[in-house]
Amino acid sequence: KKVGLWSYIKAAFIPRPITVRFLIKVDGEGTPLLIEVNKSSGSELLDQTIRKDLFNSWFDPDPTGDGKDVGKPFYFSLRIE
């Protein structure tokens with residue numbers, strides 16, 4: 001998706017702190033399968049840039065260690081001061 005100049009200008013003037021939340025689902029190896037913006041930062045450019053980077057990340061597929069949460073979607077929030 002192309003991003004216009006206005007998106008860059010708008011992103012520069014978002015009031016701080018910036019908070020964005022994603023809904024993420026990973027496979028059994030911790031590779032993201034699904035990442036959706038759940039709460040926008042107010043800038044589509046910023047949201048999509050972070051989303052793209054999250055697809056290149058690894059997440060613990062079993063954070064509780066009991067095997068019950070493997071494949072269960074979870075929320076990931078990011079706050080920028």
Exercise for review: Give, for atom NZ of K25 and atom CZ of F74, the distance between the pair rounded to the nearest 0.5 Å.
Suggested key: 11.5 Å
**Study point:** Nearest non-hydrogen partners of T19 and K39, listed with the distance
**Key:** O-NZ, 3.8 Å
Review point. Applying the side-chain contact (heavy atoms from CB on, under 4.5 Å) test to N38, which of F76, Y75, F22 qualifies?
Key: Y75
Check your understanding: Roughly how far, to the nearest 0.5 Å, is CD of Q48 from CG of L54?
Key -> 10.5 Å
Review point. Once you round to the nearest 0.5 Å, how far does CG of L78 lie from OG of S41?
Key: 9.5 Å
Practice item. Could you tell me whether the side chain of T49 and the main chain of L45 form a donor-acceptor pair under 3.5 Å? Key: yes
**Study point:** Nearest heavy-atom neighbours spanning R16 and I80
**Key:** CD-O, 4.2 Å
Exercise for review: Report yes or no: does D62 contribute a side-chain atom to a donor-acceptor pair with the main-chain N or O of V70 at less than 3.5 Å?
Suggested key: no
Exercise for review: Return the minimal non-hydrogen interatomic distance between V26 and P32, and the atom names on each side.
Suggested key: CG1-CA, 3.9 Å
Exercise for review: Look at the side chain of W58 and the backbone N and O of E29, then say whether any donor-acceptor pair between them is shorter than 3.5 Å.
Suggested key: yes
Check your understanding: Among the clusters formed by ILVMFWY side chains lying less than 4.5 Å apart, do V37 and F55 turn up in the same one?
Key -> yes
Review point. Where do E36 and L34 come nearest, in terms of heavy atoms and distance?
Key: OE2-CD1, 3.6 Å
Practice item. Evaluate the side chain to side chain contact (heavy atoms under 4.5 Å, CB included) criterion for residues I18 and L46: first the C-alpha distance (whole Å), next the side-chain angles of each, then the deciding distance (0.1 Å), finally the verdict. Key: CA-CA 10 Å; I18 299 169; L46 184 59; 3.8 Å; yes
Check your understanding: Can any side-chain N or O of R51 pair as donor or acceptor with the backbone N or O of I35 at less than 3.5 Å?
Key -> yes
